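Accompanying notes for the structure given below.
For the numbers below, each heavy atom of this structure counts, side chains included, while hydrogens, waters and symmetry mates do not. None of these values were measured; they are calculated from a predicted model.
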Amino acid sequence: MKAMNHFIVKLEKTLNDTMTTDSGLELHVANRFNEFEHRVMEGPVTALPAKHDTPVQVGDTLYFHHRVVLQEGQPLGTQEKEYLVLYDPITCVSNQAIAYKDKDSGEVSTLGDWCLMTPVDQEDEMTSEIIEVITHKKPPPKKAQLWKGNHLTEELGLSEGDIVAFKKNMDYSIKIDGEEKFRVDPTDLLYVYNH
């Protein structure tokens, strides 16, 4: 089966609804109130987009936008547990396929114009209210380290490892091999910090 502009991924579930404690006890999580936090954003590729030539192969792991699974998601309809992931190699806006992991080498590479950033630890911000109540509030990320770039980050003169500032609220989180990364459109990068 081939979709024209989509990857097809097979997902056993669309939400991570269990967690395991340190002692090995498996707990079921009531996640319907916060499905965004528990969404599945990766799965094995079962079919490639016919319209586009990509380096992805059937069996590779595809990392994708949360809309693929949220609010009933984008199920294929004809096959159980298979979902459509829109692919557009030219723009991030129309590209739900963020990155893939090669099944043989384990190497992660970005797709389309997306780049992947590693969060950089930032200092906590102290806030106070009228009464002497002081709380620590973690500031929203404003910078991150370029982990996986592309042709656009190269055109900007960026190298993997550079610390880069980006526009407010452009830090969309995604887990890759259990580590938090940000998927960022290179047009939202503002400047690189001096080394």
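Listed by chain and residue number, Asn16, Asp17, Thr18 satisfy the side chain to side chain contact (heavy atoms under 4.5 Å, CB included) test with Lys13 (two or more places apart in sequence, or in another chain). With sequence neighbours left out, Glu154 forms a side chain to side chain contact (heavy atoms under 4.5 Å, CB included) with no residue at all. The side chain to side chain donor-acceptor pair (under 3.5 Å) test applied to Asn5 returns His52, not counting sequence neighbours. Under the side chain to side chain donor-acceptor pair (under 3.5 Å) criterion, Thr187 pairs with Asp185, not counting sequence neighbours. Evaluation of the side chain to side chain contact (heavy atoms under 4.5 Å, CB included) rule for Glu107 yields Ser105, Ser109, Lys148 as partners, not counting sequence neighbours. Shown here are the salt bridge (charged side-chain N to carboxylate O under 4.0 Å, His left out) partners of Glu12, two or more places apart in sequence or in another chain: Lys81. Among residues two or more places apart in sequence or in another chain, the side chain to side chain donor-acceptor pair (under 3.5 Å) test is passed with Ser173 by Glu180. Checked against salt bridge (charged side-chain N to carboxylate O under 4.0 Å, His left out), Asp102 has no partners two or more places apart in sequence or in another chain. Under the side chain to side chain contact (heavy atoms under 4.5 Å, CB included) criterion, Asn150 pairs with Thr110, Cys115, Leu152, Thr153, Pro186, sequence neighbours left out.
In terms of modelled atom types and a separation under 3.5 Å, the side chain of Gln145 and the main chain of Val120 share no donor-acceptor contact.
Among pairs with a residue in residues 43-69, none fulfils salt bridge (charged side-chain N to carboxylate O under 4.0 Å, His left out), at least two apart in sequence or across chains. Annotation: side chain to side chain donor-acceptor pair (under 3.5 Å) contacts involving residues 87-101, sequence neighbours excluded, comprise Gln74-Gln96, Lys101-Asp177.
Residues Lys167 and Leu190 meet the side-chain proximity criterion, which asks for heavy atoms closer than 4.5 Å.
Contact detail for Gly43 and Leu11: the closest heavy-atom pair is CA-CD2, 3.7 Å. Minimum interatomic distance between Trp147 and Thr118 (heavy atoms only, all atoms of both residues): CB-OG1, 3.5 Å. Looking at every heavy atom in both residues, Met117 comes nearest to Val184 through CG-CG2, 3.6 Å.
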Test side chain to side chain contact (heavy atoms under 4.5 Å, CB included) applied to Arg183 and Leu116, step by step: CA-CA 5 Å; Arg183 59 176 170 83; Leu116 291 169; 4.2 Å; yes
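Cluster annotation: Leu156 is connected to Phe166 through the hydrophobic network of ILVMFWY side chains, with a link wherever side-chain heavy atoms come within less than 4.5 Å. Taking hydrophobic clusters as Ile, Leu, Val, Met, Phe, Trp and Tyr residues chained together by side-chain heavy-atom distances below 4.5 Å, Phe182 shares a cluster with Val192.
If you run side-chain contact (heavy atoms from CB on, under 4.5 Å) between Leu84 and each of Val9, Ile8, Val68, only Ile8 comes through.
If you take CG on Leu86 and NE2 on His6, they are separated by 4.5 Å, rounding to the nearest 0.5 Å. Here the straight-line distance linking atom CD1 of Ile98 with atom CD of Glu42 works out to 11.0 Å at 0.5 Å rounding.
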